[in-house]
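Each remark here refers to the structure printed beneath this line.
The sequence lines fix the lettering, A, B, ..., with proteins before strands; numbering per chain opens at 1.
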Number of protein chains: 4
Amino acid sequence: MSKGDALRDRTAAAIVDSAAASLAERGRIVSMNEVARAAGVSRATLYRYFPNREALLRAMATTGVEELAARVADADLQGLPVDQAIARLVRGFIAVGSKYVALSAGQASTDDHPDVDALLTEPVRDLFRRGIADGVLRPGLAPELLTELLSGLVKAALGMVADGQLGAEEAAAGVVAVFLDGARAGTRSPEPARSSRAR
Amino acid sequence: MSKGDALRDRTAAAIVDSAAASLAERGRIVSMNEVARAAGVSRATLYRYFPNREALLRAMATTGVEELAARVADADLQGLPVDQAIARLVRGFIAVGSKYVALSAGQASTDDHPDVDALLTEPVRDLFRRGIADGVLRPGLAPELLTELLSGLVKAALGMVADGQLGAEEAAAGVVAVFLDGARAGTRSPEPARSSRAR
Amino acid sequence: MSKGDALRDRTAAAIVDSAAASLAERGRIVSMNEVARAAGVSRATLYRYFPNREALLRAMATTGVEELAARVADADLQGLPVDQAIARLVRGFIAVGSKYVALSAGQASTDDHPDVDALLTEPVRDLFRRGIADGVLRPGLAPELLTELLSGLVKAALGMVADGQLGAEEAAAGVVAVFLDGARAGTRSPEPARSSRAR
Amino acid sequence: MSKGDALRDRTAAAIVDSAAASLAERGRIVSMNEVARAAGVSRATLYRYFPNREALLRAMATTGVEELAARVADADLQGLPVDQAIARLVRGFIAVGSKYVALSAGQASTDDHPDVDALLTEPVRDLFRRGIADGVLRPGLAPELLTELLSGLVKAALGMVADGQLGAEEAAAGVVAVFLDGARAGTRSPEPARSSRAR
DNA sequence: TTATAAGCGAGACGGTACGTCGAGTCTTCTT
DNA sequence: AAGAAGACTCGACGTACCGTCTCGCTTATAA
């Protein structure tokens with residue numbers, strides 16, 4: 001039975017990947033028919049795996065979240081200084097972006113997802129809490145707000161990457177630079193030298 | 001003829017407003033039938049004004065953009081210090097947000113809009129150019145990147161406002177604080193006192 | 001007032017004529033818009049004269065009927081032998097045919113038309129009754145049946161005339177020949193010489 | 001595959017039958033929605049079988065023609081004396097009439113139908129040619145004209161049958177009587193005794 | 001090795017929304 | 001003050017997509 005399940009999972013994953021690719025490539029308008037065809041599978045099978053469009057989107061979201069969560073877990077955020085942890089996090093977000101961008105466009109509601117909270121939002125929030133407690137981040141901004149704002153920065157950067165206006169590395173660097181130190185000129189900017197090669 | 005046109009414009013504006021309200025209230029799924037009914041008009045008339053759904057969304061986008069552009073023009077961005085201009089800009093964005101949020105959710109493509117570029121993006125980019133030239137903003141970040149990142153921050157903040165997690169003022173203050181000075185604690189903390197007094 | 005009425009009548013007649021022409025020329029599918037345009041009048045005016053499409057068709061029918069009725073009245077059917085009266089009648093029908101064909105195609109219901117009955121059907125039926133009474137027509141066929149059958153023959157002949165397969169004279173002669181004497185060869189062949197000289 | 005096709009054909013036939021019934025019962029104005037409902041099928045399915053209204057009408061025409069053609073083929077026209085063959089033909093036409101009447105009202109164009117020519121018009125024309133050659137029909141009337149005139153008679157009779165003014169048998173008898181021997185009183189009318197019971 | 005179960009492709013079906021178009025009503029402006 | 005211009009509602013038409021279903025077929029597991 002484990003074998004059947006494995007096959008099932010692999011098929012589902014293939015469908016999700018293919019759908020993510022189709023959805024990233026073409027502009028948000030992808031019919032279930034096209035998704036099925038692109039995945040090399042019949043429409044009936046597609047519906048067997050995902051009972052409706054929303055479920056497919058949700059699965060894509062979950063996949064992206066899990067992929068991201070794996071990176072987050074690997075990243076040993078607790079073991080790093082907060083600023084470096086954030087940088088690593090952002091790089092991870094943007095690397096996984098190709099899937100994340102489809103969702104960030106509002107296709108999937110990301111509501112009703114315990115995963116996304118448990119796996120992503122919470123660790124990030126913890127990171128921010130730690131940063132504030134450590135005195136690395138300033139105390140005036142709520143962790144929840146910081147989480148959302150960072151997410152917004154990442155989405156914007158992903159949009160530019162998807163449009164080919166920016167490489168993933170530059171995008172990540174820009175996000176980190178702005179998020180940590182802001183756009184204002186000042187004394188504490190050795191980092192920007194690393195992050196300013198926007199075409 | 002001016003009268004007929006005026007009536008026409010008013011009707012169109014009423015439809016756009018009603019559609020924006022419907023679309024903000026209900027989650028992204030609003031049929032043309034409902035839009036028409038909510039606007040107190042028949043479906044045929046709706047289609048007389050906007051040949052298809054996309055045109056309606058585009059009109060909503062344009063309306064939002066123009067409203068925003070009016071604010072931007074009023075704001076006398078050139079006459080202010082760059083940081084204050086940015087703060088004013090962000091407050092304007094968030095104030096108009098209720099319309100902007102529907103569009104930012106990805107409903108309208110915002111592509112093929114000369115308006116949005118001419119009226120919004122360009123002034124903002126100019127502002128950033130001026131800031132870099134003045135030495136107020138650091139030179140390492142391209143104006144295009146800053147524009148997108150600021151837009152991302154605003155969208156994120158708008159999402160929180162729409163969810164009721166945050167007031168418009170706090171949201172604007174948070175966006176400005178992070179965008180200008182970043183989340184990192186540091187020597188520049190006296191300045192945020194001007195702009196980031198979240199509740 | 002007689003002047004206004006005269007104008008009114010003339011306009012109505014012009015619309016009817018134009019509509020008949022449009023309807024004869026193009027195949028049965030003529031929108032009220034096209035009718036109005038062809039008549040050189042606005043759609044509103046068209047509707048002022050004829051409250052709906054059916055009224056227009058009915059007016060066309062009535063016009064044709066009146067034209068026909070005028071011929072019928074002129075033809076002095078009572079003063080002629082029945083067979084000659086029938087021949088004259090058929091020629092009249094076919095001569096007026098261009099209008100009659102549009103109606104015979106089923107556009108107008110011809111129901112609820114007192115005119116058509118009073119002006120056409122009744123005289124024809126009377127003619128048949130006289131023929132039966134005179135012994136010119138055989139008694140076994142009801143006048144109503146004969147009326148319908150003759151109408152059917154005329155419509156068929158009109159169709160061929162409209163298609164250019166037949167001239168009006170030959171068509172009329174054929175209808176009269178078949179209606180009076182049938183298609184069977186027989187002893188009455190000398191008579192057809194008078195009425196059935198098809199090309 | 002034969003099974004699927006058979007099912008398909010049966011469904012199509014059911015739709016055609018139902019549509020013919022609806023169209024015969026109600027006066028020419030039957031929406032596709034009603035057709036679908038009457039056929040116990042959804043509108044989408046109706047359109048799946050017949051891409052548009054005209055195709056449905058055409059299918060009804062073809063069905064009627066084929067049904068008629070089957071009768072014609074069964075009737076062994078060649079093996080009968082021409083007058084008896086004509087009588088049989090007319091009875092066949094009128095029997096099938098309920099479908100034929102909808103089409104004869106001008107709903108379907110009957111153009112672009114090779115079938116109708118090959119299956120119906122041609123045999124009838126052949127019959128007339130044989131009749132003329134045999135001396136049973138008189139030579140002065142072209143077969144094409146006779147074909148059309150007979151068709152006109154049949155349509156007229158069908159109209160009366162549909163209106164309930166006449167039974168099918170009487171109608172057929174009247175048509176045959178008039179078509180073969182005309183309405184004129186004369187020596188050769190033993191038949192009318194059989195055919196004159198118009199109400 | 002065969003039977004049985006499960007997944008799969010194919011595709012019909014109902015439902016719903018979209019965008020188009022014609023019919024008929026009504027208001028407003030003009031002459 | 002009547003008629004022209006034209007906006008509006010209603011509803012049908014034809015198209016497309018979604019989600020459900022059944023039907024055979026194949027394949028892999030089980031006896």
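When each of V41(B) and N33(D) is assigned the nucleotide of DNA chain F bearing its nearest heavy atom, the one mapping closer to the 5' terminus is V41(B). Mapping P51(C) and T45(A) onto DNA chain E by nearest heavy atom places T45(A) closer to the 5' end of the strand. Mapped onto DNA chain F by nearest heavy atom, S42(B) and R48(A) fall at different nucleotides, with S42(B) at the one closer to the 5' end.
No side-chain donor-acceptor contact under 3.5 Å links S22(B) to the backbone of V35(B). In terms of modelled atom types and a separation under 3.5 Å, the side chain of T62(A) and the main chain of R58(A) share a donor-acceptor contact. Side-chain atoms of E66(B) do not come within 3.5 Å of backbone N or O of T63(B) as any donor-acceptor pair.
Separating the CZ atom of R37(A) from the P atom of dC18(F) is a distance of 13 Å, rounded to the nearest angstrom. Whole-Å rounding puts the L46(D) CG to dC13(E) P distance at 11 Å. The separation between Y49(B) atom OH and dT9(F) atom C1' is 13 Å, rounded to whole Å. Rounded to an integer number of Å, the gap from I15(A) CD1 to dC8(E) P is 8 Å. Nucleotide dC17(F) holds its C1' atom 17 Å from the OH atom of Y47(D), rounded to whole Å. For R53(B) and dC18(E), the CZ to P distance is 6 Å, given to the nearest whole Å.
Under 3.5 Å, the side chain of R43(A) and the base of dG11(E) form no donor-acceptor pair of N or O atoms.
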Please evaluate residues Y49(C) and V16(C) with respect to the criterion side chain to side chain contact (heavy atoms under 4.5 Å, CB included), reporting the C-alpha separation (whole Å), side-chain torsions for both, the decisive distance (0.1 Å), and the verdict. CA-CA 10 Å; Y49(C) 280 89; V16(C) 165; over 6 Å; no
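The C1' atoms of five pairs define one axis at each end of the helix from dT1(E)-dA31(F) to dT31(E)-dA1(F), and these two axes lie 10° apart (to 10°).
As judged by a 4.0 angstrom heavy-atom cut-off over every strand, S31(B) is placed among residues touching the sugar-phosphate backbone only.
Taking CZ from R37(A) and OG from S18(A), the interatomic distance works out to 11.5 Å, rounded to the nearest 0.5 Å.
Two residues are said to be in side-chain contact when any heavy atoms from C-beta on lie closer than 4.5 Å; Y47(A) and M32(A) meet this criterion.
Checked against dA17(E), dA12(F), dG11(F), the side chain of A44(B) finds its nearest nucleotide in dG11(F).
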